[in-house]
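Below is one structure, written out as structure tokens; comments come after it.
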2 protein chains.
Amino acid sequence: MDVLWAERGPLTAREVGRLIADRDLAPTTVMTVLDRLTRKGFLTRVRDGRAWRYEPAASRDAYIAELMLEALDMTGDRSAALTRFAQAVSGTEAEVLRKALTELEEE
Amino acid sequence: MDVLWAERGPLTAREVGRLIADRDLAPTTVMTVLDRLTRKGFLTRVRDGRAWRYEPAASRDAYIAELMLEALDMTGDRSAALTRFAQAVSGTEAEVLRKALTELEEE
DNA sequence: GCGTAGTACTACGTCCCGTAGAGGGAGGGA
DNA sequence: TCCCTCCCTCTACGGGACGTAGTACTACGC
């Protein structure tokens with residue numbers, strides 16, 4: 001569901017239908033999905049003639065980060081979970097995290 | 001559903017029912033839930049007489065960390081998401097992360 | 001043998017999701 | 001003007017997960 005959108009660029013309408021023609025979906029299906037995503041706040045839409053133009057409400061990265069925070073919210077002990085997470089990421093990714101945190105500190 | 005368990009300690013059986021007596025659930029309900037959680041791999045169970053003794057398969061923290069990793073897996077650009085995440089956590093939590101990463105480095 | 005505790009199996013209502021059809025309004029050509 | 005086409009909104013249906021629970025089977029103790 002998200003996938004269709006996720007990687008796609010800026011904005012569209014039923015062009016989405018064309019873009020995922022390989023899935024051979026009814027046009028209404030695409031519209032329903034876009035509509036539901038909008039309702040849930042994942043997409044934003046703007047009128048364009050009689051059609052709508054959809055746009056991701058947040059970048060994919062922001063969305064993922066939000067999901068991660070949401071998971072984090074489920075625990076009582078955030079620190080423990082964070083530590084656990086830090087231990088779980090691969091070395092390369094730990095590096096990325098470290099770097100991001102360092103830059104953060106410098107501001 | 002998870003909540004019942006989440007904070008609870010080591011292991012139990014239908015004692016769980018007693019522990020959450022405030023929710024006034026049928027004993028079978030509790031069992032079904034425990035059973036389903038077991039099926040999904042969140043719990044482990046061991047025979048104890050004719051009863052079962054349930055135990056979390058992973059610590060809550062580990063579970064949360066896993067959820068976070070799962071979210072991370074949904075993106076194409078893990079680094080970007082990680083960076084985003086690092087920026088999103090509060091200062092105190094950034095500190096926790098930093099510390100965990102540093103300790104990791106030292107090993 | 002019988003009651004009780006505890007289990008396994010099955011069920012029902014609800015909600016979300018993927019999918020789609022039926023119907024309504026607006027623009028364009030005959 | 002009327003009809004056709006496009007795109008939208010509303011409604012629906014099957015499937016799966018979840019919270020809840022009832023019924024049926026089994027084993028232990030008196």
Side-chain angles (χ1 to χ4, degrees), chain A residues 1-58 60 63-64 66-71 73-75, chain B residues 1-58 60 63-64 66-71 73-75:
Chain A
M1 183 171 181
D2 247 301
V3 189
L4 325 173
W5 201 252
E7 315 302 346
R8 287 295 155 207
L11 49 162
T12 58
R14 158 153 318 174
E15 303 157 351
V16 174
R18 312 269 147 67
L19 289 173
I20 57 168
D22 51 311
R23 290 193 42 182
D24 190 35
L25 293 174
T28 51
T29 302
V30 178
M31 280 192 282
T32 305
V33 171
L34 290 175
D35 199 48
R36 294 218 269 234
L37 287 173
T38 305
R39 256 178 238 291
K40 294 205 300 178
F42 296 139
L43 300 179
T44 296
R45 65 184 196 177
V46 187
R47 272 289 175 199
D48 177 13
R50 65 215 114 115
W52 288 104
R53 220 146 247 291
Y54 292 86
E55 188 172 21
R60 184 150 189 81
Y63 173 60
I64 298 293
E66 200 175 308
L67 274 187
M68 292 169 67
L69 285 172
E70 210 169 283
D73 278 337
M74 287 170 48
T75 188
Chain B
M1 182 171 183
D2 245 301
V3 189
L4 325 173
W5 198 252
E7 315 301 346
R8 286 297 154 206
L11 50 160
T12 58
R14 158 152 322 171
E15 303 158 350
V16 174
R18 312 268 147 70
L19 289 174
I20 57 168
D22 50 310
R23 290 192 44 182
D24 192 34
L25 293 176
T28 50
T29 302
V30 178
M31 279 191 286
T32 306
V33 171
L34 290 175
D35 200 46
R36 293 218 269 234
L37 287 174
T38 305
R39 257 178 238 291
K40 294 204 302 178
F42 294 140
L43 300 178
T44 296
R45 66 184 195 175
V46 187
R47 270 290 176 198
D48 177 14
R50 67 215 111 118
W52 287 104
R53 218 147 249 291
Y54 292 86
E55 188 174 22
R60 184 150 191 79
Y63 173 60
I64 299 292
E66 199 176 309
L67 274 187
M68 291 169 67
L69 285 172
E70 211 168 282
D73 279 337
M74 290 170 46
T75 188

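Residue numbering restarts at 1 for every chain, and letters A, B, ... go by the order of the sequence lines.
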For nucleotides 22-30 of chain D, read 5' to 3', which letter fits each nucleotide if B means a protein heavy atom sits under 4.0 Å from the base, S means only the sugar-phosphate is that close, and - means neither? BB----S--
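Remark: A/Lys40 is in phosphate contact with C/dC17, judged by side-chain N or O atoms under 4.0 Å from OP1 or OP2. Between A/Arg45 and D/dC8 there is no side-chain polar atom (N or O) within less than 4.0 angstrom of OP1 or OP2. Between A/Arg39 and C/dC17, a side-chain N or O to OP1/OP2 separation shorter than 4.0 Å is absent.
Put simply, the side chain of B/Asp73 does not reach to within 4.5 Å of the side chain of B/Thr75, judged on heavy atoms. Contact check for A/Met74 versus B/Tyr63: side-chain heavy atoms found under the 4.5 Å cut-off.
Formation of a donor-acceptor pair under 3.5 Å by the B/Arg45 side chain with backbone atoms of B/Asp35 is not found in this model.
The distance from the CD atom of A/Glu15 to the OH atom of A/Tyr54 is 12.0 Å, given to the nearest 0.5 Å. Note: B/Leu69 CG to B/Glu66 CD = 7.5 Å, rounded to the nearest 0.5 Å. To the nearest 0.5 Å, the span separating OG1 on A/Thr38 from CH2 on A/Trp52 amounts to 9.0 Å.
What separates CG of A/Asp48 from C1' of D/dC7 is a distance of 12 Å, to the nearest Å. Following rounding to the nearest Å, B/Leu34 (CG) and D/dA21 (P) show an atom-to-atom distance of 14 Å. Per the geometry, CD1 belonging to B/Ile20 stands 10 Å off P belonging to D/dA21, to the nearest Å. Between the CG atom of A/Asp24 and the P atom of C/dT19 there is a distance of 10 Å, rounded to whole Å. When rounded to the nearest whole Å, the span between CG of B/Asp35 and C1' of C/dA11 equals 15 Å. One atom, CH2 of A/Trp52, and another, P of C/dA26, lie 14 Å apart when rounded to the nearest Å. The distance between atom CE of A/Met31 and atom P of D/dC6, rounded to the nearest whole Å, is 12 Å.
Within 6.0 Å of CZ in A/Arg47 there are more than 12 heavy atoms belonging to other residues, nucleotides or ligands.
Comparing atom distances between the B/Arg36 side chain and each of D/dC8, D/dC18, D/dA12 picks out D/dC18 as nearest.
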